[in-house]
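Structure record follows, encoded as C-alpha cells.
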Amino acid sequence: EMARKVAESLMEEKPLVVEAGTGTGKSLAYLVPAALWAVSNEKKVVVSTHTRALQGQLMHSDLPLLTRGGLEVKTAVLQGRGNYVCKRRLGLTDEEDKDAEDRSALDAILDWEKTTADGSRSDIPFQLDPTLWDRVLSDSDLSLRVRCPHYAECHYFQARRKASAAHIVVVNHALLLADLRLRSEIGRGVLPKYDRVIIDEAHHLEDSATGAVTRQLTAFAVRRATSPLVDGKRRRGALTRLLAHHGGSGSALDLAGRDKLQVGVATADLLLKDMVRSVEIMMAQLAEHGLNADDTARRWTDADEDDEVWQTMVAPDVASVASEIESVTECLDAIEELFGDVAVSEDKAQPLLDLKRARRRLVGHAEIARTFLEFRKDWCRWIDRARGRKGVRTAQLNVAPIAVAGTLKEILWEPIPGAVNTSATLSVAGRFKWWQSRHGLEDPETAMFPSPFDHSKQAILALPRDLPEPNDPDYLRRSAELIVDAIRISEGGAFVLCTSHRAVQYYSDALRQALGPTWPLATQGTAARTILLDRFRENRRGVLIGTDSFWEGVSVQGDGLRLVIIPRLPFRVPTDPLRLARHEAISARGGDPFMAYSLPEAVIKLRQGYGRLIRSHTDIGAVLILDRRIHERRYGQIMLQSLPPARRVKGAWRNVQDALQQLYGTP
C-alpha cells in the first residue's frame, strides 16, 4: 500500500507525507517504485537520509535486493566533496612532510588510500586529526579539474560520474539542501540533475534545513583558514611557496609584478599574523563582556539596540573582527590580481589555489561578523562561550533562521512538487499537522502505516507513579534506585536514555556502584558510539547509558535489548537561544509555544526512544518511563496516545515490578 502511494506521488507529482512504523519495510516501499519510475522514464531519483547508518543500510542491503529481484537499476551514493580524499593534495602533503618527526597519521592515510573502495572519510577505520584531513581533502577551490594528473582516478569525480549515470542516488539531508539552495540562487547545484526526491528520516528535515543555513564564527575558524598561508615549524606556507615559484627570474610575472609580489607577500604575512592574534583577543573579550557571568549563551535582538553592553562592547568588537579580516582579504586580493592574465603551470599552481581558498573563507567569516551586526526579525543571533586555544575562554558568533518553512517551500516544495517524505515518527496523536506547519508543506497527500508488530503482546509500557517530579532535588537518587531494580529484573539488556550528560554521569556512577563489575556498562562519552554498541551487544547483561545519539538510529534485534528506560520526558532545554526565538515568534502570532513546538518535538523524540525496543516479530520487552508528569499533566495524554499500543502497567513501583518480573521470568 505504501509503495502504491509512493508510485502515485512520483507519477503525478503530488507531495506525499507518509509515516511507516518499524518493520513495515518502508525502505523497499519507496525504493521499488522509485526504481521502476526512474528506469522506465530514464530519469533520476535522489533518496536523502539523515544518518550514515541508514545510508549504509540502503546501499549494502536494500538496493542490492532490487538487483537480485530483477530490477536493472543503477545506484550510487554521493557525499559532500570534502568527505573525499584528494590524491594530488595527499601527494603534496606527503612531499611537504618528508622531514616531519611524526608521520604516523599521514602514513596511515597514505596506506588507506591505496586500498579504499571509494576514498571517503567514512571508509577510514581509525581516528583522524581534522587539521590533517583539511590538508588532504578534495576541495572545489583547490581543484585543477580536467588538468589534474589524477582526474581519471579521482575519488570525488569517480563518485560524481557514477551518480550521473545512476537512476537512484543516495545522499544526506545536508548535501541535498546545499544543492537545492545553490539551484535556487545560481541555477545549478552540486548534484547531477535529478527529477524526484524521496526524504527518509524526514523528522530531521527542519533541523537539517536550519543547520544548512546557520552560520558560525570562531577565532579557531579564522586561524584554520589562514594556516595554509603561513609557515609552520617544518612546513612552508603558501605565501612562501608562491614567492619561491614566481618571485625570481624564472617567473611568468614581469619585473614590476615580481616586485609587487614580494611586497604583497611580506605585507600579507605580517597582516595575517596580527589579524589572527587580534581576532583571538577580541573573541575572548566578547566571551568575557558579551555574556552574563553565569551564561553560556546570550541572544541579541532588536530590543538590545540601545543596550550599553551592545553599544560599547559587543558591536565594536564584532565590527573590529570584520574589519581586521577584511584588511587581510584586500591584501590577498592584490596578490591574486597579479596572476589574472598569467598562465601558471600545474606543478606551481597549488600555492595560488591555497591563497584563493583562504581568501574565500576569510570573506565568508567577515560576512558572518557583518551579518551579526544587522537586526533582522526573521533571524536569531547569539554568542556562545566556548573553550579556545590553551584553555582560554572565547566566543562563538551564531546567526540562524528562526523558521525554515518559507525556505523549504521556495527551494524544495515548489521546484520539486512530487517530493516524498517518510519516517517512522512524523505524527503527533495521529496527525501530521505539526510536521506540515514546521516545514511549510501545504495540502500534501498523507498516509499512515503502523508497525506490523503486536505491541500489545510483545511489549509492556511501564509507568510507575510514585517517584517525585524530575525537578525534585531527590529525583536522581530515587530514579537511580528504580533503574537498578529494573535492570536486575531484566538481567541487563537495557538502554537508559537520558536527556542530559549530567544524568548520564550520575546514573553511570550509581549503576557501577550498585551492580558491580559483572554488569558491563557502556557509558556515552567513554568511547565512540559504534564501540559502545559493540560492547553492549557482546554481553547479554550489558547496559548502555546515553543521550541524543542513542534515542534513534540504533537497532538491536532479539534478546540483546529487552528493556528501554526513559528517566525523563525528552523536552529540550528551553534556554537555547534559537528555541527561545522560535517560541517568541509563535507567541507573536497568537500561538502557544509549548503546544505548537515543544510538546510535538518531545512526542517525536519519545516515539523514537520507544522505537528502540521492538525491532522484529519475536522481540519482547518493556519500556519504562519514570517521569510522573506523563500521568499528571494534560500533555501526558497526547504523549501516551502517540505511542504504540503496548500493554500498559500503571501505579506504584511495586505493581510495575510484579509485571516486569512476570515478563522476564525472574523472581
Side-chain angles (χ1 to χ4, degrees), residues 80-82 84-93 95-96 131 133-151 154 156-157 178 182 185-186 188 190 215 217 221-232 235-247 251-253 257-258 260-273 275-276 279 322 324-369:
R81 183 163 188 164
Y84 296 92
V85 70
C86 172
K87 287 176 175 285
R88 188 178 66 84
R89 294 191 71 208
L90 181 58
L92 290 172
T93 303
E95 188 63 33
E96 291 168 6
T131 303
W133 180 253
D134 195 50
R135 294 177 61 195
V136 301
L137 61 79
S138 182
D139 189 302
S140 58
D141 286 337
L142 304 178
S143 175
L144 296 177
R145 296 175 176 82
V146 296
R147 295 190 296 122
C148 178
H150 302 286
Y151 179 74
C154 170
Y156 171 69
F157 282 110
L182 280 173
E185 292 173 356
I186 63 175
R188 65 180 186 278
V190 293
R215 308 192 71 188
L217 176 61
V222 173
R223 176 178 285 275
R224 188 172 179 180
T226 62
S227 62
L229 299 181
V230 298
D231 293 344
R235 179 178 54 85
R236 295 188 305 164
L239 290 175
T240 299
R241 288 182 285 122
L242 194 66
L243 193 59
H245 290 333
H246 304 285
S251 171
L253 296 173
R258 294 199 294 270
K260 289 179 181 178
L261 178 62
Q262 290 180 351
V263 173
V265 166
T267 304
D269 189 60
L270 288 173
L271 284 176
L272 279 165
K273 293 171 181 175
M275 182 269 289
V276 170
V279 168
E324 290 274 352
I325 297 173
E326 287 162 351
S327 66
V328 171
T329 60
E330 290 172 5
C331 185
L332 298 180
D333 274 340
I335 296 174
E336 189 177 333
E337 286 173 5
L338 296 174
F339 296 88
D341 300 320
V342 176
V344 178
S345 61
E346 294 168 11
D347 61 325
K348 297 181 178 179
Q350 190 59 43
L352 187 58
L353 293 174
D354 285 335
L355 184 143
K356 291 179 178 180
R357 182 203 199 199
R359 179 196 162 279
R360 182 183 65 80
R361 286 185 166 187
L362 290 172
V363 166
H365 294 330
E367 286 176 353
I368 295 172

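Source: prediction; values computed, not measured.
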| task | Check salt bridge (Lys or Arg N to Asp or Glu O under 4.0 Å) between Arg89 and all other residues, then give those that pass, not counting sequence neighbours. | result | none

| note | Rounding to 0.5 Å, atoms CZ (Arg88) and OG1 (Thr93) come to a distance of 10.0 Å

| said: Students often mix this up, so state it plainly: with edges at 30° and 60°, are the rings of Tyr151 and Phe157 parallel, tilted or perpendicular? | reply: tilted

| field | Interatomic distance, His365 atom NE2 to Ile325 atom CD1 [nearest 0.5 angstrom] | value | 7.0 Å

| field | For Arg188, side-chain contact (heavy atoms from CB on, under 4.5 Å) partners two or more places apart | value | Ile186

| query | In Å, rounded to the nearest 0.5 Å, how long is the span from SG of Cys86 to CG of Leu144? | reply | 8.0 Å

| field | Pairs satisfying salt bridge (charged side-chain N to carboxylate O under 4.0 Å, His left out), at least one member in residues 344-360, at least two apart | value | Asp134-Arg357, Asp139-Arg357, Asp141-Arg360, Arg241-Asp354, Asp333-Arg359

| said: Are Leu242 and Leu229 packed together at the side-chain level, in the sense that at least one heavy-atom pair is separated by less than 4.5 angstrom? | reply: no

| query | So, does Ser143 use its side chain to make a donor-acceptor pair with the main chain of Ser140 at under 3.5 Å? | reply | no

| What's the spacing between Glu326 CD and Glu367 CD if we round to 0.5 Å? | 9.0 Å

| said: As an exercise, state the distance from CG of Leu90 to CD of Glu95, rounded to the nearest 0.5 Å. | reply: 12.0 Å

| query | Side chains of Asp231 and Asp269: closer than 4.5 Å at any heavy-atom pair? | reply | no

| Can you tell me how far OG1 of Thr240 sits from CZ of Arg235, rounded to the nearest 0.5 angstrom? | 10.0 Å

